[in-house]
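Reading through the structure tokens given below for one structure.
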Amino acid sequence: MDDKLLKPYDPKETEKRIYEVWEKSGFFNPDICVEKGVTDPKAETFTIVLPPPNVTGLLHLGHAYEYSLQDAVIRYQRMCGKRTLWIPGTDSAAIATQARVEKNIQKEEGKNRHNLGRQELVRRVSDFAKNSEKTILNQIHRMGGSLDWSRYAYTLDEKRNLAVSTAFKRMYDEGLIYRGNRIVNWDPKGQTTISDDEIVYEERDTKLYTFKYSKEFPIMVSTTRPETKVGDVAVAVHPNDERYKAYVGREYNLTFCDVPIRIKIIADHSVEKEFGTGALGVTPAHSQIDWEIADRHDLQRPQVINEYAKMIVEGRLSGKKTLEACEIVVDWLKEQDLLEKEESIKQNVPTSERTGAIIEPLPKLQWWISVNKKFTIQHSEITSIKSGEQTSLKEIMRKSVESGAVNMPQERFRKIYFHWIDNLRDWCVSRQIWFGHRIPVWYRSTGAHGKSDGIPSDSRGIEIFCGVEAPEGAGWKQEEDVLDTWFSSALWTFSTLGWPKKTNDLVTFHPTSFMSPAYEILPLWVSRMILMSGFHLGQVPFRTVMIHGLVRDKTGRKFSKSLGNGINPLEIIEKYGADALRMGLLVGTAIGNDIKFDEDKTKGYKHFANKLWNIARFILENTDGIDYAQLVSPTQKDEEITKQLEALVADVTNDFENYRLYLAAEKIYHYIWHEVADKIIEESKLILDSKNAEAKLSCQYTLYNLLTVLLKILHPFMPFVTEEIWKFLPKKDSDLLMVSKWPK
RNA sequence: GGGCGAUUAGCUCAGGUGGCUAGAGCGCGUCAUUGACAUUGACGAGGUCAGAGGUUCGAGUCCUCUAUCGCCCACCA
């Protein structure tokens, strides 16, 4: 009997050491498993690609939960004999990381990014990212993640860069990526475009003004932003609105607050008769909906507000900030006796998630991915999409899930997914920041260098080149913008496997098997992986996706920096051990629901680790030196125990196959504590002390078998303590528990 | 405006295809204790499963409606 077993279990002393043993064994890498003969070379594969955490700081308990879940699945599959690969990685998170570093620099040095210049800023952000990466990787190690570190990937490393440029070029060549002047969400503080998903709406009190453009104008309109009205080109009414029918088609030239404008009265179905006056002042350049109306009616789109949220018109508004301009316009309306009504209303104001600035919709020349454009898919393995068929990116996203090619078992998330797809507009992928993948496009003006063959040019006489490498020849300038961080994230399941090269890994491990992201990023990420994988490989990115919930604090609040309620998983691991943390997060938390983190619960599982430790001590003490080669006929009672155990294994296996880990973990826990410890071991004491040699031997065999099986089925949840106990077993089917065979 | 989820013991939550005499952990009460385990054991109290209707031999579970709380999407000019 090892002395170590005589003391209480100490996770602190054990966990780091065990992790090193695992890493050294090489068994996190499926190739080595095959090489060393623990896995059949022809075995089925099972792949998970880690949702890469942002290198913006520390991991929190949400990550800990996500990784516990995935590690349990991976460990189970590995023990079942599959060729199991879990790929680690991190995400540069372009905008989030840059914003973070810019804020620090502003605070500490009082400088902004333009003071530093592009090169210096990118260097600073990269340094920060490197640092953060180190911390994060250490955290993942401590949680026990059985990831193949030899395949580690970072969204901004060389291989992923190649993947990004290649993906961009292929989509550009297919006409699915285009450059277009369209209305975008402009963040005047961050000086960049942001996506719809990066907007948060805040309810604020505001005023709704009802007015006429001029004395002779026949219709009143309402607005919360009078200053934008100098950009109006039309008034839209509902086609069936009897009040205004007579005016439709008329045009008026007038001067509004010193600005000459021309207003046409048009009929459009998007206007609600019941709202306000039933007439809508159309400002195409500064409102998404108005932009679309302008599309339908072929209207002008004069821009009146610039990137700094200042007015760019002549007269009294010239150069004024929008807020100031608003007051000036209202004063002018009053002066001219054009203001009919002024009422207080609540309004949802769009603000930037990162900077808090009010979003200014502006027309900008940006890069877009067309989600509706038809193209011919050369090669498709996706159910319900045939090779050579006409399809669109949106259709790929919809059909992949609809057909079950991507299995999304949770009905409620399927609904959310489809709803999102149906309302999807073209995806703006360019960002006016510096940290990230620079768009692989170069420009030069045709005037200076004449026309080159085969290179398209736009209407303003500028040649455009898109390619993985910079073009030959002089005078080319690369696009300043970088890509939306989700562009590279969307390639993640295959860029991590070496694409665009046709690597062995890509052929062997893609499509991946399982993905388990938080519901927050279902549209943001899951759908876009399906899009990219579908277009570039004709495959789905993963076979099953299980959406999980958020970990919240004890009172149900989200963890956030501003609330200061964040918990570093390492703190919890220090106190209770990684095994306990994993159980505390997994047990009894139905997948998809939010979790309130309870430290007491975790403490309970630290006790449980010790309980198991003591059970092992008892069994090993009482089975010391027995001959396992001997044939034993079990007593009826022991037969029953074995049967019960087999039933548990079958039950737990079934739960694993259906990703009901929270049930499996709880069942094992309950069985070990309240059956094995409280009943089986208590009752065995009499037999072990008795003179009945046969019954005693049967009991010893049964207890020993019980221990080995329980260690195995608990291992995916509590890998450290089980592996440590395994070390002390005299007879086992494998030196390391992590690659032992899952019991039947 | 549209959608989703939650509502089960004092607290935090499970409850796979309807079979439940409704469970767990923590907390609480009584007792035990040099025993593998003082990180322990035994026993116990505590619930009209949010409410109302319906389907069914049978409903915590399926359907309809209502209430309260939470979240998401859209953005109304």
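So that the names make sense, note that chain A is the first sequence line, chain B the second, and so on, each numbered from 1. Values in this document were obtained by computation on a predicted structure and should not be read as measured data.
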* With C1' as the reference atom in both, quote the distance from B:G60 to B:G23 in angstrom, rounded to an integer. => 12 Å
* Expressed in whole Å, how much space separates the C1' atoms belonging to B:G51 and B:G46? -> 23 Å
* Base, sugar-phosphate, or nothing: which does A:Gly588 touch, judged by heavy atoms less than 4.0 Å apart? -> sugar-phosphate
* Structure fact -> Among B:G16, B:A36, B:A24, the one nearest any side-chain atom of A:Asp655 is B:G16
* To do: If the glycosidic angle is within 90 degrees of 0 it's syn, otherwise anti, so just tell me which one B:G16 is.
  => syn
* To do: Report the distance from atom CG of A:Leu522 to atom P of B:G5, rounded to the nearest whole Å.
  => 14 Å
* A:Arg301 charged N/C atom sitting above A:Trp291 aromatic ring, 6.0 Å / 45° -> yes
* Asked: Atom CD1 of A:Ile266 and atom C1' of B:A77: how far apart are they, to the nearest Å?
  -> 13 Å
* **Base-pairing mate for B:C13 - Watson-Crick or G-U, with both contacts under 3.5 Å** => B:G23
* Strand partner of B:C31, provided both Watson-Crick or wobble distances fall under 3.5 Å -> B:G41
* To do: Would you indicate which nucleotide in B:G16, B:G5, B:U40 comes nearest to any side-chain atom of A:Arg412?
  => B:G5
* Compare the minimum distances between each of B:A77, B:U39, B:A14 and the side chain of A:His607, then state the nucleotide with the smallest one. => B:U39
* Structure fact -> RNA chain B nearest-nucleotide lookup for A:Tyr662 and A:Asn423: closer to the 5′ end is A:Tyr662
* To do: Using whole Å, report how far OH of A:Tyr605 lies from C1' of B:C13.
  => 10 Å
* Spacing of the P atoms in B:G25 and B:C31 (rounded, Å) -> 22 Å
* Closest listed nucleotide, where the reference is the side chain of A:Ala677 and the choices are B:A77, B:A36, B:C26 -> B:A36
* Structure fact -> Quick note, A:Asn610 side chain, CB onward, closest among B:U39, B:G16, B:A36 is B:U39
* Structure fact -> Closest heavy-atom pair, A:Tyr659 versus A:Ile591, reported as atoms and distance to 0.1 Å, is O-CD1, 3.7 Å
* Hey, is the side chain of A:Glu682 pairing donor to acceptor with the base of B:A36 inside 3.5 Å? -> yes
* Asked: Under a 4.5 Å cut-off applied to non-hydrogen side-chain atoms, are A:Leu61 and A:Ile595 in contact?
  -> no
* Polar pair under 3.5 Å, donor/acceptor by atom type, side chain A:Lys667, base B:G16 -> yes
* Nucleotide nearest A:Leu663 when distance is taken to its side chain, options B:G16, B:C75, B:C4 -> B:G16
* Asked: Which value, in whole Å, describes the distance between the C1' atoms of nucleotides B:G47 and B:G1?
  -> 39 Å
* To do: Determine whether A:Ser214 and A:Phe256 make a side-chain contact, defined as any pair of heavy atoms from C-beta on separated by less than 4.5 Å.
  => no
* Donor-acceptor pair (no angle test) under 3.5 Å: A:Lys415 side chain, B:C4 base -> no
* Is a side-chain donor or acceptor of A:Asp655 paired with a backbone partner of A:Leu661 at a separation under 3.5 angstrom? -> no
* Report yes if a side-chain nitrogen or oxygen of A:Gln347 is closer than 4.0 Å to either non-bridging phosphate oxygen (OP1 or OP2) of B:A77; otherwise report no. => yes
* Which of these nucleotides, B:C37, B:A14, B:C75, is closest to any side-chain atom of A:Arg425? -> B:C75
* To do: Compare side-chain N and O positions of A:Lys685 against OP1 and OP2 of B:A36 and report whether any pair is under 4.0 Å apart.
  => yes
* Asked: Using purine N1 to pyrimidine N3 plus N6-O4 or O6-N4 for Watson-Crick, or N1-O2 and O6-N3 for G-U wobble, each under 3.5 Å, what pairs with B:G47?
  -> none
* Structure fact -> Testing B:G25, B:A42, B:A36 for proximity to the side chain of A:Tyr669, the answer is B:G25
* By nearest nucleotide on RNA chain B, pick out whichever of A:Ile595 and A:Trp673 is the more 5' one. => A:Ile595
* Asked: Once you round it to whole Å, what is the distance between P of B:U40 and NZ of A:Lys611?
  -> 7 Å
* Of the non-hydrogen atoms in A:Thr623 and A:Ile619, which two are nearest, and what is the gap between them? -> OG1-O, 2.7 Å
* Separation between the P atoms of B:U61 and B:G54, rounded to whole Å -> 14 Å
* To do: Can you tell me, in whole Å, how much space there is between the C1' of B:C49 and that of B:C13?
  => 13 Å
* Structure fact -> Of B:A14, B:A36, B:C73, the nucleotide closest to the side chain of A:Arg617 is B:A36
* Any A:Lys596 side-chain N or O less than 4.0 Å from OP1/OP2 of B:C13 -> yes
* CD1 of A:Ile263 versus P of B:A77: gap in Å, rounded? -> 18 Å
* To do: Step through it carefully: locate the ring centre of A:Phe728, locate the ring centre of A:Tyr704, and say whether they are under 6.0 Å apart.
  => no
* Expressed in whole Å, how much space separates the C1' atoms belonging to B:A6 and B:A14? -> 14 Å
* Length of the line joining A:Asp624:CG and B:A36:C1', which is rounded to integer Å -> 14 Å
* Pick the C1' atom in B:G19 and in B:A59, then give their distance to the nearest Å. => 10 Å
* Asked: Where the side chain of A:His674 is concerned, which of B:G25, B:C26, B:C75 is the nearest nucleotide?
  -> B:G25
* Nearest whole angstrom, please: distance from the C1' of B:C76 to the CG of A:Leu208. => 9 Å
* Structure fact -> Note: A:Ile293 and A:Asp268 closest approach over all heavy atoms is CG2-OD2, 4.1 Å
* Asked: Rounding to a whole Å, what distance do you find between A:Asn614:CG and B:U40:P?
  -> 10 Å
